[in-house]
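Okay, structure first, notes after.
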Amino acid sequence: RYGMSSGDTPYFATYAQDLEQDPFDAINFVERIVWRITGSETIGDPVLLKIKLEEEIASLQMLCDQFSQKLRTLEQAQSAEKREYVQKMQKMYDQNSEAINKIKQLDVTMQNVSSKVIHLGDQLESVNAPRQRAHDTQQLITHFNEFLSDQPLNSHLFTDPDKLLESADLIHKLHSISQELSKEKYAAVQARIAHRYAEVEQLLMDEFMQSQRDEKRMAAVARVLCEFKGYSACVERYIEFLCANFGRADRSEQIYEDALQLVKSRKSCIESIFPQPQTVIQKLVLFIFTGKLKDTIQAKLNEYREAGETERYLVGLAKEFTSTRKLCRDLEGLHLSCDASFLKVIMGNVFTTYLQTYERDELAHLRRQCTSILTRFYEDKKHSKKAIQTGDKLSELKRDAQARFLTVEDYGGETFLSHDVVFVVLQELKNAYARTALLCDSGEPAARQTEAIFDVMLQYLHHEHLDYAVELALAGISLAEPKIEPPAYIFAVVAQNTTMMHLMTKQFADSVQPALAESMNEQTSVHKKWLSAMRNLESKLNLGIERQMNAIIGYSRFILNQQKKADFVPESLALGGSQACTSICKFLRAQATAMETGLDGENLGAVMSELAMRFYRLLLSHIQQFYYNMGGGMMLVCDLNEYRKLIAHWRYFGIIDSLVAAATATSTTAAAEDAADPRKMFDHLHALANLLTVLPENVQSSSHSAQLDGLSDPSLINTFLQLRVDYRNLKWRP
């Protein structure tokens, strides 16, 4: 491998492999040499080891000399090749410079020649142009003389069918000249030329239509024919030919795709044939829109309208309008016209008849649909809708008088509200809003129609459904003190109203407000109507809840009033609560369940807290009407314990705790009772009732019990002690 003998090659190859390692480790290299010298035997003689190492060093020196010699050889070869390469590069550079100089000289020569050629051409043109004009004039005069004579036209130009284009050009010029001559003197000539003009024009049109497979021939004919009066008629015939298979009955559903494909496929052909292709393409589009496309749309929509299917008519109108607008956007991408309003105008011509009546049709359809939906709903409920006037003081006074003095009707707990009705009506309204945004002009027209649709929603959903149901619920709550358990379905009315108002609010935000963004007048008007409707409904719901709480307290008072004085001074001691307590707890538990179902969040906490406070005041007033012995006090304590457990159970969702904490932190001392925790107040009431059961000698210690700490009115301790039948015999009095 390195110029050694074949027997030494592997030995030196091993050296080469060790020396070529990257990175090179000298210590490791020496170790490898020693290992190859000794093998697996140990050499104890240092002289022998020295000899072996000297031999290895000599071998390495020999290898180094060989490599050095080879490097010198390679460097010499590289230097020779470098000199040769530099010489070649210099030669090529010189040749390139010489070529550049020749190109510059050639360019100067070409410019000189070009200038001379242009000058010569101008001279030739100045000489040839008069000659050509004279020749053309001579030809016109010659052929005009031919028309002046009474003989048939025998010129080769008029008799050779292959000379049709030249003949057409000539006859057009003659016709133009003849129109400027005196009609009295040259009437016969003008008539002959006009007759020939018509014949040539017809021949050109026939030639154009017969050359459908030869675009070059059609282009040549079109260039000549465009100067004739019948050019427009030829274009119309060509467009009719292109649209012969367009709009077939079996492809009425694909008419928009077919129209786009027809224009795309024929656009390049028209551009290569006609001298003014943009005008022809516009006529093609106009023919498509005002022809088969318009007829197809009218056939569909008129069928729905004649059948009285207003919904299908409106849906079909929106669908066809959307498809047509998409077709126009696709055609705009083909750059058919410089006029940006071209497609918009012809689209308006297609739909103008329907758009003029759209707003009336939409509102009439909405009213019919809403009326039908509500009528079916009340018929299914077997309810004859009552005429309830709302919004004036007289109607409200009449309603309240009926609720106070006449027997109220609760309709078996029916709320007369339906989520299905609201969903269906809102979907109809959503579709109407979408069609309005599509079919009405943006700005004031769309805003006016949106407000009109919004008024329909207020009339049918708010006034005739939600507000009507709330009025029935209010009329079903007696203002007199009830003697039978009042129903709690007002809370179901509140819950359903809340859900439905959320749905209406979402549609108001999604569909109404964006449509009114560009019209401040309609936006202000609609916003006022919306706020007024919301506030009116909210105030009625609050009134219903207030009346329901009054009815709950009234019925509880009615039950408590059935208790007699003798009930609290029994002759024997009996453990357990009263029958009135059992009835009230059962009643309040049912009412609380209805509240939790119908109310949520802070509303639930506020209503329950207020009801607990009113019930507390009722019990406090009721307790002070009687005197108690030991047995009566024990019964009262048992009753209050049940009431306390009942009220404590009203901590639903932990709402009352947060309300009490907020009220305590922000209220004044005058509102301390209103902000107090109802559970704490019932604990105090229970502790006060215990004063009626303790032995006389324990009255003083019980009056200072820790359970009475924080009592809002300390005088209540003395008040309750005075309710003891043995009060006069007490040795200690506060």
Side-chain angles (χ1 to χ4, degrees), residues 247 252-253 255-256 259 282-283 285-332 337 339-372 425 427-460 511-512 514-523 525-526:
S252 59
E253 297 299 327
I255 190 169
Y256 297 100
Q282 290 178 4
K283 288 185 177 181
V285 174
L286 182 63
F287 183 84
I288 291 173
F289 273 74
T290 58
K292 294 294 182 63
L293 182 62
K294 185 176 182 179
D295 294 342
T296 302
I297 293 173
Q298 287 181 342
K300 292 180 181 179
L301 298 182
N302 291 341
E303 179 184 358
Y304 298 147
R305 178 177 281 181
E306 292 171 0
E309 299 177 352
T310 310
E311 183 175 6
R312 294 187 65 187
Y313 165 75
L314 292 172
V315 173
L317 176 59
K319 178 183 177 182
E320 301 301 332
F321 191 90
T322 302
S323 299
T324 306
R325 188 169 66 173
K326 180 180 181 300
L327 173 61
C328 290
R329 285 199 297 266
D330 293 338
L331 291 175
E332 285 177 356
S337 173
D339 185 3
S341 62
F342 169 69
L343 291 172
K344 184 178 180 180
V345 170
I346 62 174
M347 180 178 173
N349 292 335
V350 174
F351 290 96
T352 182
T353 304
Y354 305 103
L355 296 182
Q356 289 174 352
T357 62
Y358 161 70
E359 295 180 5
R360 297 195 303 272
D361 295 339
E362 184 70 78
L363 294 176
H365 169 69
L366 267 181
R367 293 190 177 97
R368 284 195 300 270
Q369 287 293 96
C370 293
T371 301
S372 174
V425 173
Q427 186 60 44
E428 292 286 346
L429 292 167
K430 181 180 178 181
N431 295 336
Y433 286 129
R435 287 192 289 265
T436 296
L438 176 68
L439 300 175
C440 292
D441 293 334
S442 59
E444 290 293 331
R448 287 195 302 268
Q449 180 70 359
T450 300
E451 183 178 7
I453 297 174
F454 176 77
D455 292 339
V456 172
M457 180 189 72
L458 288 184
Q459 177 185 350
Y460 290 95
S511 300
V512 180
L516 302 176
E518 299 180 2
S519 178
M520 293 304 299
N521 294 333
E522 282 75 9
Q523 187 178 34
S525 174
V526 168

Roughly how far, to the nearest 0.5 Å, is the [atom2] atom of [Y] from the [atom1] atom of [X]?
X	Y	atom1	atom2	answer
Leu343	Arg325	CG	CZ	13.5 Å
Ile346	Thr324	CD1	OG1	10.0 Å
Cys440	Glu359	SG	CD	4.5 Å
Ile288	Leu331	CD1	CG	7.5 Å
Leu429	Phe454	CG	CZ	10.5 Å
Ile453	Glu428	CD1	CD	11.5 Å

**Q.** side-chain contact (heavy atoms from CB on, under 4.5 Å) partners for Thr352, two or more places apart
**A.** Gln356

Q. Mind checking what makes side-chain contact (heavy atoms from CB on, under 4.5 Å) contact with Asn521, not counting sequence neighbours?
A. none

**Q.** Sequence neighbours excluded, every pair satisfying ring pair (Phe, Tyr, Trp, His ring centres under 6.0 Å) that has a member inside residues 286-330
**A.** Phe321-Phe351

Min side-chain heavy-atom separation [X]-[Y] under 4.5 Å:
X	Y	answer
Met457	Leu366	no
Val285	Phe342	yes
Leu363	Asp455	no

(Q) I need the full list of side-chain hydrogen bond (donor to acceptor under 3.5 Å, both in side chains) pairs touching residues 437-450, with sequence neighbours left out, sorted by first then second residue. (A) Glu444-Ser519

Could you tell me which non-hydrogen atom of [X] sits nearest to which non-hydrogen atom of [Y], and how far apart they are?
X	Y	answer
Gln523	Leu516	CB-O, 3.7 Å
Arg435	Ala318	CG-CB, 3.9 Å
Cys328	Met347	SG-SD, 3.9 Å
Val456	Cys370	CG1-SG, 4.3 Å

Q. Hey, is the main chain of Arg368 close enough, under 3.5 Å, to the side chain of Ser372 for a donor-acceptor pair?
A. no

Could you list the residues that satisfy salt bridge (charged side-chain N to carboxylate O under 4.0 Å, His left out) with [X], not counting sequence neighbours?
X	result
Lys344	none
Glu303	none
Arg312	Glu309
Glu320	Lys300

Under the side chain to side chain donor-acceptor pair (under 3.5 Å) test, which residues partner [X], sequence neighbours left out?
X	answer
Asp295	none
Tyr358	Glu362, Thr436
Asn349	none
Ser525	Glu451

Q.
The test is side chain to side chain contact (heavy atoms under 4.5 Å, CB included); show your working for Leu317 and Leu439 and say whether it passes.
A. CA-CA 9 Å; Leu317 176 59; Leu439 300 175; 3.8 Å; yes

(Q) Please evaluate residues Leu293 and Val350 with respect to the criterion side chain to side chain contact (heavy atoms under 4.5 Å, CB included), reporting the C-alpha separation (whole Å), side-chain torsions for both, the decisive distance (0.1 Å), and the verdict. (A) CA-CA 9 Å; Leu293 182 62; Val350 174; 5.6 Å; no

(Q) Quick one, Asp361 with Arg305, criterion side chain to side chain contact (heavy atoms under 4.5 Å, CB included). Give me CA distance, side-chain angles, the key distance, then yes/no. (A) CA-CA 10 Å; Asp361 295 339; Arg305 178 177 281 181; 3.5 Å; yes

**Q.** Verdict with reasoning, Asp330 to Tyr256, per side chain to side chain contact (heavy atoms under 4.5 Å, CB included)
**A.** CA-CA 10 Å; Asp330 293 338; Tyr256 297 100; over 6 Å; no

